[in-house]
K.L.:
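The structure's right below; bear with me while I get my questions together.
Naming: A, B, ... by sequence-line order, numbering from 1 per chain.
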Number of protein chains: 2
Amino acid sequence: MATEIKENGVNKQFAVPYYEIPYEKFFQFGMSVDSIVFGYHDDQLKVLLIKRGAAPFQGQLALPGDLVYPNETIEVAAHRILKDLTGIDEHNVEQTKTYSAVDRHPVARVITTGVYSIIDIAKHDPHASAWAEGVYWTSLEDVPQLAFDHDQILKDAVDILRNKVRKEPIGFELLPEKFTLADLQNLYEALLNVKFDKANFRKRILSAKFLKDLNEFQEGVPHRPARLYSFDSDKYDELRANGFSIQI
Amino acid sequence: MATEIKENGVNKQFAVPYYEIPYEKFFQFGMSVDSIVFGYHDDQLKVLLIKRGAAPFQGQLALPGDLVYPNETIEVAAHRILKDLTGIDEHNVEQTKTYSAVDRHPVARVITTGVYSIIDIAKHDPHASAWAEGVYWTSLEDVPQLAFDHDQILKDAVDILRNKVRKEPIGFELLPEKFTLADLQNLYEALLNVKFDKANFRKRILSAKFLKDLNEFQEGVPHRPARLYSFDSDKYDELRANGFSIQI
DNA sequence: AATACTTATAGTCATTTGTACAATTAGTTC
DNA sequence: GAACTAATTGTACAAATGACTATAAGTATT
């Protein structure tokens, strides 16, 4: 290891020789994370927006997001921030893209990473807290102009979600433990904003073999009760390990 | 717009009320970019590595990357840095992921975004400059342990590249203006590390209709000369606009 | 208790796509 | 001209897709 030159406890040798810009300037970025939380309920796909209660863009709708703490990863920050602003706790996030336009934040140089997740609206009860003045589940077609570059961030996230959904079982956590094929079809139709033929959807899903037939049936419906299934994640992992991938 | 509280020219109202951590601490991130440059030549897929001539990880192989300037986007920085370190100028980059583990950089808090591109090895002549002590085209299977978390960054990039390649025409800039179907097949085989049946590959590609038949033929080959094609980007854009997507 | 109504599920069938492989073609080299 | 190499075309069967019909199993209505 080469000799280390330390200043304020920070080794700067690796950067110094090649830049004319003062060293400190390289370490003045703010990092933020913006969550695209998709929600599903009653066959509808929505996105969670907050009303900003602080400048900039005070009063305007935005994706829930904020600055990353110095000792956090993006993913940890996403979890904390979403909980702070909306009370929503549990969610598995995945990155979309990182946005670094120099003027994307009107106040400081802030680079942001988008992360998305899908949750069951019925299982969560968001409420505005911290500097959020309101939280709203909004249908995609009703989303108004958002703060910052959040329009673009949301658009990109929708694209990524729809691509993902077609390639692997996603969103089983959005259905009850036991669900019917019609439930599953409704979920996919809401996520993708398309309609499938019922008979063919059934064939395709069943041929993928990651559903467990529970040999139970719906009750209390005013028509022929449907068969209940559950998601067989062991089977799915096994299929996946063998390089298998479905196509919806 | 709410009243703005400025300090050192920076509006801090939006952050201050909710954090116990001093404001400045949120703006001490370093941002870097690491380029995964895939190269193609002689039916081989390689990745461009540099030997680090500065701490940390001095002497070790790494992806070419460095800190983003305060006035640059990630993409602009990627271009500049790759040129500085290797002399490679033109390349279209796309993001892979952003890495934010708190200790991923041993010296400072640096978040990095991966970007990848594919270039024709024959058309570029990389040479080490700035703090790079060497530049190497390395076959994927020969890549040693890399600096930082670059092993993971490279692995993720390969996955993303391979996914991408299967879904849209990519890498036509890696072939000469006029190429044969065998050339194209070799390219895909190198990128994906698989083998295709020649007859079936031909049928699939031609049915996608984004190749222009030039009605010209190879010359000087010791066997039946192959028909030459070029990539018809007008046709491709048209197909793409109609929601069309190929599957290799 | 028969009929209407609703949704689930099964089956049919023509079409397209995928895959393996054989056959033919068009050049060069010996 | 025969042998060789690789390009290209063709063929045959399997599998997947998609539109559609038929039947089943419940409840609600009369």
K.L.:
With heavy atoms under 4.0 Å as the rule, sort A/Arg227 into base, sugar-phosphate or nothing.
P.N.:
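Sugar-phosphate only.
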K.L.:
Quick one: on DNA chain C, does A/Thr180 or B/Asp197 contact a more 5' nucleotide (nearest heavy atom)?
P.N.:
A/Thr180
K.L.:
Using whole Å, what does the distance between atom P of nucleotide D/dA3 and atom CZ of B/Arg224 come to?
P.N.:
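Roughly 21 Å, once rounded to whole Å.
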K.L.:
Looking across every strand, which nucleic acid part, if any, lies under 4.0 Å from B/Ala182 by heavy atom: base, sugar-phosphate, or nothing?
P.N.:
sugar-phosphate
K.L.:
Nearest-Å distance, CZ (A/Phe179) to P (C/dT7)?
P.N.:
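Checked: the CZ to P distance equals 20 Å.
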K.L.:
Classify the side-chain pair B/Tyr99/B/Asp34 by whether it contains a donor and acceptor separated by less than 3.5 Å.
P.N.:
no
K.L.:
Roughly, in whole Å, what's the span from CZ in A/Phe201 to P in C/dT9?
P.N.:
13 Å
K.L.:
How close do A/Ser129 and A/Thr86 get, counting heavy atoms only, and between which atoms?
P.N.:
OG-N, 4.2 Å
K.L.:
Are side-chain N/O atoms of A/Thr113 and A/Thr98 paired as donor and acceptor at under 3.5 Å?
P.N.:
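A donor-acceptor contact under 3.5 Å links the two side chains.
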K.L.:
Please compare A/Phe217 and B/Asn200 by the position of their nearest nucleotide in DNA chain C and report the one closer to 5'.
P.N.:
A/Phe217
K.L.:
Taking CG in B/Asn200 as the centre, count heavy atoms belonging to other residues, nucleotides or ligands within less than 6.0 Å. Is the count above 12?
P.N.:
yes
K.L.:
Would you kindly compare A/Pro222 and B/Ala226 by the position of their nearest DNA chain D nucleotide and give the one closer to the 5′ end?
P.N.:
B/Ala226
K.L.:
Assign each of B/Leu181 and A/Val221 to its nearest nucleotide of DNA chain D by heavy atoms, then name whichever residue's nucleotide is nearer the 5' end.
P.N.:
B/Leu181
K.L.:
Any side-chain N or O of A/Lys198 below 4.0 angstrom from OP1/OP2 of C/dT7?
P.N.:
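Checking C/dT7 against A/Lys198, no side-chain N or O comes under 4.0 Å of OP1 or OP2.
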K.L.:
Round to the nearest Å and state the distance from A/Glu219 atom CD to D/dT27 atom P.
P.N.:
10 Å
K.L.:
Measure the distance from CZ on B/Arg204 to C1' on C/dA20 and round it to the nearest whole Å.
P.N.:
13 Å
K.L.:
State whether a side-chain donor-acceptor pair under 3.5 Å links A/Gln145 with A/Gln60.
P.N.:
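Their side chains do not contain a donor-acceptor pair, so the 3.5 Å distance test is not met.
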K.L.:
In whole Å, I'd like the distance from the NE2 atom of A/His223 to the P atom of D/dT27.
P.N.:
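That distance rounds to 11 Å.
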K.L.:
Give the rounded distance in Å between these two atoms: CG of B/Asn186 and C1' of D/dA6.
P.N.:
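Taking CG of B/Asn186 and C1' of D/dA6, I get 12 Å after rounding.
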K.L.:
Using whole Å, what does the distance between atom C1' of nucleotide D/dT17 and atom NZ of A/Lys203 come to?
P.N.:
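After rounding, the reported distance stands at 8 Å.
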